[in-house]
Structure formats: C-alpha cells, structure tokens
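Structure first, then comments.
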Amino acid sequence: MTTKINEAHRFRPHQLDMPPRLLLGPGPSNAHPRVLQAIAMRQVGHLDPCFLEVMSEIQELLRYLFQTDNELTIPISGTGSAAMEASLANIIEPGDVVLVGIIGYFGQRIADMAGRYRADVRLVETEWGQVLDLETLRAAMEEHRPTVLALVHGETSSGARQPIEGIGDLCREYDCLLLVDTVASLGGVPFFTDDWKVDIVYSGSQKCLSCPPGVSPLTFGPRAVEKLNNRKTTVANWYLDLTLLTKYWGISRVYHHTAPINLNYALREALTLVAEEGLAERWARHQEMAELLWQGLDQIGLACHVEPDLRLPSLTTVLVPEGVDAKEVAGRLLNEYNIEIAGGFGPLAGKVWRVGLMGFNSRRENVVLLLEALKEVLG
Ligand SMILES: Cc1ncc(COP(=O)(O)O)c(C=O)c1O
C-alpha cells in the first residue's frame, strides 16, 4: 500500500457520560425509563416477522393517540420536521394554493417548506401569543380559496394553543384539506383527528410522548389519501413519498428504506405508556401540572406571556422581568441545577423563557424543583 493512512483525526474519546439534565425546555423531554430500556432491546431485521408485528402494533396505538380510524397512520423515520415535510410533499402539487396560519415560528417553517414544493403560499397571521379565530380564518378562506389550510395546534415558539374545533367543517365548506401540526401537543393536549375532521396530522416523538427524537407520527384521512392517489405529478421527495412508504407499512411489506428498528421499539413503548395511562388521564395530568406551574410562577411574581384561555399546557412562555438577563438565568439553571429551559426567539427574544412540562416530565416534583431553582437564581 503506497497511500499512507492519515492519522490526524484519529483519537480515542473518553467513555460517553452525559450530565443528568432535567429537560424542561420546548423539547426534547426526558425519555421515560421504560422507553430507554426498549431502545436497548436486541435488533431484528426490518422485514423480520417479529418486527412486522411491532409495526402493526405501533400503527394501532398511533390510531388511539391520534383518535382516528385512518388506515394511513405511520411513523415517519426522522424528526417532527420530517413528518411536516412528508405531509407537505405528499399533499402539494405545484401551483396548489396553501394557506398557512402563522401564530409563531413553526407556521413560518410550514410556509417555507410548502414554497419549496412549489405551492402558491398565502398567509393569515397574528401576533406570537395570539391565535386565529374562526371569523378571521373564514375571511382568509374566502379570499384565498386554498387547497390546503395548515395550522399549528401547539405553537412552541409562543406557548399558544390554536383551537381546532370547527375549522374542519369550515374547510369542508370550501372543499379544502385541513393539515395540523401537533408536534408540541399530541399526547399531552386533547386532540380528536376524526371528530374535528382534520385530514392530515403529524407530530414528533420527543415532546409529550417522552421518546427520543427520530420517529414521527403521521396520519392521512380519506380525503387526503384521495388527493394523494389522484396526483398528476410524482411526489418530489423520494424518501418521504407515501405512495412508496405505504407499501412497506401496508400489506405488501415491500422494502423502501431500512426502518430505524430500535427507535420504533422506543416509540412502541412510549405509545404503550399512553395506552396504559389513558388519553383522558394524560391530558388531565398535563393540564393540572401546567396550572400548578402557572400558580407557582404567580406566587414568585412571574407572569405568563399568553392569556390563560389560550395557553398550551405542554409549553409555557414566562415573561422575563425588567432588568433580568434571560440567558444568564437559563445558563445558571443548567449549570448549577441541571435544569434545561429555553429562551424566546424572533419577536420574543430576550422577553420570555420557554418552559416545557411534557410527557414523563409533567410531574409535580419537577414543577416544585423548577420553581425553587428559579426563586434561588432570581434572588
Ligand atoms: C410545533 C413544532 N413543529 C415542528 C417542530 C419540528 O420538530 P423537530 O425539531 O423534531 O424536527 C417542532 C420542534 O420543536 C415544533 O415545536
């Protein structure tokens, strides 16, 4: 061998040992111990009959989570943004008018992605912390006559919860599909895909499901599937093409890409935990813990950015008091207490902290710990 091996980048790092952080930011949340155990389970092949059974179980448990009977209900390999991209890539044909509700940053991301799939993107906007009411949406539907209306249920950048009830009927009146992002809400905040007539819903694993990031729930209802099946153009994203993915997740079990086996074990366990607890109990727990946090914040003189009726239980935006350096406080919580919270960004940069009580982390002891730590840091 004449070419010499370049040893410049060769080194032996020490054994990985991460600090025991309590993840109370906008996500990820700490994975449940049972989920972490499941991820370490020995692998089988992605077409092994045992894995095929796991896949079917995941699909059925996802239907419970989404509250849907939709056949096309699968986890996308990738984070929440991959599920967002899968939704848009499959439903948009070039020139389709897509109306995006912007109540914070993630609506903007949807609009950006939709534009890349050559949609004619229109926006209906409000301030970060507010939500869009039915009248505003009706006026926007009347003006733009979209093929798809895209909304964010739990806006992680602002801490607002967009009401969805009634919008499904509005969309049907205008022969439009309703697409909803539930990355920060599903599994922690009430959501009824079928009853609310939502055609496309996606989420993520690392927030209210307390599973590591990397597999993201997605469901397409019959109206969305009909549009998908009648496309005039092929889906412009091969990896996320549902016409191909459904052959692997459907009866024929045809290889598309190698499923992230162990992440799917983790998701199965996370979904099992949801089924064991029950959705009603889980939603009530998230609401109760959020209210405990809001009361505690009030007691130490801190206010919330979003008015009570519009607050997202899984993510609270806390107003930073005058003269306090938001970054310094978050840094001290991390370094001195091992607690992660996040700052605001965009119009809320420096103005709020973002506190998540998601999934397994939505527990009384975490609320008390955070409030005590905040009290100490703020003096
Ligand atoms: C509302 C919302 N949508 C989409 C995403 C994107 O998900 P991911 O970061 O997992 O790609 C996030 C992540 O924070 C989110 O909060």
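Atoms considered below: every heavy atom in the structure, side chains included; atoms not considered: hydrogens, waters and symmetry mates. Order of appearance sets the numbers: ligands from 1, and atoms from 1 within every ligand.
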Under 3.5 Å, which donor-acceptor pairs do the side chains of residues 370-379 form with other protein atoms, sequence neighbours left out?
from: E372; atom 1: OE2; to: K375; atom 2: NZ; distance (Å): 3.2
from: E376; atom 1: OE1; to: Y337; atom 2: OH; distance (Å): 2.7

Of W249, Y248, W238, the residue whose pairing with H256 passes ring pair (Phe, Tyr, Trp, His ring centres under 6.0 Å): W238
Salt bridge (Lys or Arg N to Asp or Glu O under 4.0 Å) pairs, two or more places apart, involving residues 65-78: none
Closest approach of S314 to C208 (non-hydrogen atoms, all atoms of both residues): CB-SG, 3.7 Å
R364 atom CZ: more than 12 heavy-atom contacts under 6.0 Å: no
Could you tabulate the donor-acceptor pairs under 3.5 Å formed by side-chain atoms of residues 91-111, not counting sequence neighbours?
from: E93; atom 1: OE1; to: K232; atom 2: N; distance (Å): 3.0
from: E93; atom 1: OE1; to: T233; atom 2: N; distance (Å): 2.8
from: E93; atom 1: OE1; to: T233; atom 2: OG1; distance (Å): 2.6
from: E93; atom 1: OE2; to: K232; atom 2: N; distance (Å): 3.0
from: D96; atom 1: OD2; to: E93; atom 2: N; distance (Å): 2.9
from: D96; atom 1: OD2; to: K227; atom 2: NZ; distance (Å): 2.7
from: Y105; atom 1: OH; to: R109; atom 2: NE; distance (Å): 3.3
from: Y105; atom 1: OH; to: R109; atom 2: NH2; distance (Å): 3.1
from: R109; atom 1: NH1; to: S81; atom 2: OG; distance (Å): 2.7

Write none if no such pair exists; otherwise list each N/O atom of ligand 1 with its protein N/O partner under 3.5 Å and the distance.
from: ligand 1; atom 1: 3 (N); to: D181; atom 2: OD1; distance (Å): 3.4
from: ligand 1; atom 1: 3 (N); to: D181; atom 2: OD2; distance (Å): 2.7
from: ligand 1; atom 1: 10 (O); to: G80; atom 2: N; distance (Å): 2.9
from: ligand 1; atom 1: 10 (O); to: Q206; atom 2: NE2; distance (Å): 2.7
from: ligand 1; atom 1: 11 (O); to: T79; atom 2: OG1; distance (Å): 2.7
from: ligand 1; atom 1: 11 (O); to: G80; atom 2: N; distance (Å): 3.4
from: ligand 1; atom 1: 11 (O); to: S81; atom 2: N; distance (Å): 2.8
from: ligand 1; atom 1: 11 (O); to: S81; atom 2: OG; distance (Å): 2.5
from: ligand 1; atom 1: 14 (O); to: K207; atom 2: NZ; distance (Å): 2.5
from: ligand 1; atom 1: 16 (O); to: T156; atom 2: OG1; distance (Å): 2.3
from: ligand 1; atom 1: 16 (O); to: K207; atom 2: NZ; distance (Å): 3.3

